[in-house]
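Structure first, commentary second.
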Amino acid sequence: MKIVIAGTGYVGLVTGACLSEVGHNVTCIDVDYEKIEKLKLGISPIYEPNLEELIVKNYKEGKLNFSTDYETEYKDCDIVFIGVGTPERSDGSANLDYIFKVLNQIARSVEKDCLVVMKSTVPVGTNDRAELYLKEHLKNNVKVEVASNPEFLAQGTAVLDTLNASRIVIGVESEEAKNKLLEVYERFKQPLVITNRRSAEMIKYASNDFLALKISFINEIANLCEKVGANIEDVTKGMSYDTRIGNKFLNAGIGYGGSCFPKDTKALHWLSNDNEYELKTIKATIEVNENQKYKLFRKAKELYGELKGKNVAILGLTFKPGTDDLREAPSIPNVRRLLEEGAIIKAYDSVGEENFKKIYKEEITYCNSIENAIHKAELVFIFTEWKEVKEFELDKYKVMCNEDVVILDGRNCYRIDDMKNRNLNYYSIGREFIKRNK
Ligand code: UDX
């Protein structure tokens with residue numbers, strides 16, 4: 001079975017590497033020549049644990065290949081997985097331009113029957129449209145069918161999430177398509193959900209949006225905890241023993257970022273409006289998250305009024321640990337506001353720094369250690385719970401920062417008692433605000 005993957009972003013590349021790892025012959029296609037050449041040298045364009053190792057190993061073994069020549073690759077393939085981006089349009093809807101560009105290339109190139117599998121997150125009904133489009137644009141007299149097979153990988157654990165997926169969702173309209181996909185996933189032992197295309201598409205949105213809703217819900221409870229003197233961590237612990245609730249995705253913080261939740265909540269909201277229905281819970285999820293992003297900034301303003309000339313340290317820039325991705329990272333709009341206020345910013349995030357420099361280069365000072373970033377700081381903002389930040393020796397805040405420093409922790413990295421014992425000003429999410437005794 002010859003498998004071709006369109007797109008070497010997170011979804012495409014991880015899918016390609018993992019399918020070759022379980023024994024398939026896979027070729028990953030991308031229009032970006034440089035990216036493909038680097039991949040052939042074993043260099044991954046994204047920071048993702050275990051990915052580069054899989055790429056190198058399977059490329060050497062001849063099971064994984066990379067090419068820009070889509071015409072040759074599509075010509076005689078059995079399955080094409082589409083893993084290109086579906087970015088957000090200004091109205092919140094999903095932009096399907098890349099998808100249709102790939103479909104056009106497939107339609108013009110295929111010379112034998114093949115199955116096109118949609119891995120990208122697409123609005124309900126897109127797979128039907130895709131099949132129609134292919135049929136209308138086919139150059140040769142072959143049979144092409146479309147199936148939906150959404151992925152559920154999270155950045156930072158993408159390889160693990162793919163090889164040990166919680167479930168494999170297959171959305172098909174024929175036995176033939178179903179059997180082909182069952183053959184692809186033969187070696188995977190996870191539960192299979194076999195359904196029609198529209199339900200598979202909806203499973204992906206509903207799953208992501210439910211997780212986003214869980215985060216916004218707990219963030220609202222955390223905000224209320226601060227007002228009524230409750231502690232969000234004890235609250236979530238108390239909730240989580242109820243197995244109907246569980247203990248996952250209940251970490252309060254400064255909101256969700258990344259390439260999926262912000263985009264997929266807006267896309268589903270748009271889709272519901274387009275179908276003359278309002279998803280009230282998703283609308284609220286989006287609003288709560290938008291507001292939550294600026295929680296630390298608002299606190300800093302409340303405490304100081306003026307932030308002009310204040311020495312600010314920023315720890316963590318990426319939207320979560322384990323990735324260099326900055327998409328929808330709360331750090332970005334907060335840095336913008338801090339700069340507008342005239343704050344002097346020093347930042348530390350060894351993984352996210354390079355990408356952040358593409359947004360702000362000269363405006364902030366990048367440091368090579370937490371110590372350097374917090375030196376003489378009057379405010380410390382924690383935007384990402386990197387292990388290094390969580391394990392940082394707390395006494396150093398005392399020694400290195402300005403005496404009156406306020407640590408604003410957007411990811412609840414430290415224990416309240418530890419901060420109390422060190423007599424530090426410490427504000428976190430949904431917990432008691434610790435104020436230093438002078
Ligand atoms: C997510 C989904 O987890 C994955 O299944 C889907 O395929 C793509 O979207 P990802 O965006 O990589 O994956 O990261 P995830 O770990 O889910 O975190 C998303 C955001 O939510 C991060 O900003 C994270 O900080 C935030 N989050 C997560 C919380 O604020 N609290 C939590 O309890 C969990």
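Heads up: numbering here begins at 1 and tracks the sequence. What you are looking at is a predicted structure, and each value in this text was computed from that prediction instead of being measured.
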Subject >> Chi angles and distances behind the side chain to side chain contact (heavy atoms under 4.5 Å, CB included) call for Asn196, Val172 >> reply: CA-CA 5 Å; Asn196 63 22; Val172 281; over 6 Å; no
Hey, mind stepping through Asp78 and Lys112 against salt bridge (charged side-chain N to carboxylate O under 4.0 Å, His left out) and telling me if it holds?
CA-CA 8 Å; Asp78 298 288; Lys112 69 178 244 199; 3.0 Å; yes
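Partners of Lys57 under the side chain to side chain donor-acceptor pair (under 3.5 Å) rule, at least two apart in sequence or in another chain, are Glu21. Remark: Asn223 engages Gln292, Lys295 in a side chain to side chain donor-acceptor pair (under 3.5 Å) (not counting sequence neighbours). The side-chain contact (heavy atoms from CB on, under 4.5 Å) search around Lys299 returns Glu302, Leu303, Leu408, Tyr427, Phe433, not counting sequence neighbours. Every residue meeting the ring-ring contact (aromatic ring centres under 6.0 Å, His included) condition with Phe392, not counting sequence neighbours, appears here in chain and number order: Tyr397. In terms of the side chain to side chain donor-acceptor pair (under 3.5 Å) criterion, Asn273 has no residue partners (sequence neighbours excluded). Under the side-chain contact (heavy atoms from CB on, under 4.5 Å) criterion, Ala158 pairs with Val14, Glu48, Leu153, sequence neighbours left out. Qualifying side chain to side chain donor-acceptor pair (under 3.5 Å) partners for Asn65, counting only residues two or more places apart in sequence or in other chains: none. Scored by the side-chain contact (heavy atoms from CB on, under 4.5 Å) test, Ala130 finds Leu103, Met118, Val146 as partners (sequence neighbours excluded). A search for side-chain contact (heavy atoms from CB on, under 4.5 Å) contacts involving Met202 returns Val124, Leu268, not counting sequence neighbours.
More than 12 heavy atoms of other residues, nucleotides or ligands shown are found within 6.0 angstrom of CD on Glu340. Environment of NZ in Lys101: sparse, with no more than 12 heavy atoms of neighbouring residues, nucleotides or ligands closer than 6.0 Å. More than 12 heavy atoms of other residues, nucleotides or ligands shown are found within 6.0 angstrom of OH on Tyr294. Residue Lys283 places its NZ atom among 12 or fewer non-hydrogen atoms of other residues, nucleotides or ligands, all under 6.0 Å distant. For Arg298, the CZ atom is densely surrounded, since the number of other residues' heavy atoms within 6.0 Å is greater than 12. More than 12 heavy atoms of other residues, nucleotides or ligands sit less than 6.0 Å from atom NZ of Lys301. A 6.0 Å sphere centred on CD of Glu363 holds more than 12 heavy atoms belonging to other residues, nucleotides or ligands.
Each of Arg327, Lys263, Lys266 was evaluated against Glu88; a single residue qualifies, Lys266, per the salt bridge (charged side-chain N to carboxylate O under 4.0 Å, His left out) test.
With values rounded to the nearest 0.5 angstrom, Lys346 atom NZ is found 5.5 Å from Cys367 atom SG. Here the CG atom belonging to Asn289 is positioned 10.0 Å from the CD1 atom belonging to Ile254, to the nearest 0.5 angstrom. For the atom pair OG1 of Thr27 and CD1 of Ile5, the computed distance is 9.0 Å after rounding to the nearest 0.5 Å.
Donor-acceptor pairing under 3.5 Å is lacking for the side chains of Tyr366 and Asp349. At a cut-off of 3.5 Å, with distance as the only test, no side-chain donor of Asn140 or Glu111 sits close to an acceptor on the other residue. Of the N and O atoms on the side chains of Glu201 and Asn127, at least one donor lies less than 3.5 Å from an acceptor on the other residue. With 3.5 Å as the limit, one finds a donor-acceptor pair spanning the side chains of Arg167 and Ser207. With no hydrogens or angles considered, a side-chain donor-acceptor pair links Asn58 and Lys63 at under 3.5 Å. Ser93 and Asp91 share a side-chain donor-acceptor pair at under 3.5 Å.
Side chain of Asn149 to main chain of Val169: a donor-acceptor pair is present (N/O by atom type, distance under 3.5 Å, no hydrogens or angles). Panel note: side chain Asn219, backbone Gly253; a donor-acceptor pair is recorded below 3.5 Å. In this structure, the side chain of Lys189 does not engage the main chain of Asn164 through any donor-acceptor pair within 3.5 Å.
Ring-plane geometry between His137 and Tyr133 is classed as parallel, the angle between the planes falling under 30 degrees on a 0 to 90 degree scale with a further cut at 60. Relative orientation of the Phe261 and Phe249 rings is perpendicular, given thresholds of 30° and 60° on the angle between their planes.
Sorted pairs that involve residues 8-33 and meet ring-ring contact (aromatic ring centres under 6.0 Å, His included), not counting sequence neighbours, are lacking altogether. For residues 230-241, the side-chain hydrogen bond (donor to acceptor under 3.5 Å, both in side chains) pairs, not counting sequence neighbours, are Glu233-Arg431.
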Output side-chain donor-acceptor pairs under 3.5 Å for residues 328-335, partner residues at least two apart or in another chain, one line each.
{"residue": "Ser331", "atom": "OG", "partner": "Leu317", "partner atom": "O", "Å": "2.6"}
{"residue": "Asn334", "atom": "ND2", "partner": "Lys293", "partner atom": "O", "Å": "2.9"}
{"residue": "Asn334", "atom": "ND2", "partner": "Pro330", "partner atom": "O", "Å": "2.7"}

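Using a 4.5 Å heavy-atom cutoff, the side chains of Phe81 and Ile3 are in contact.
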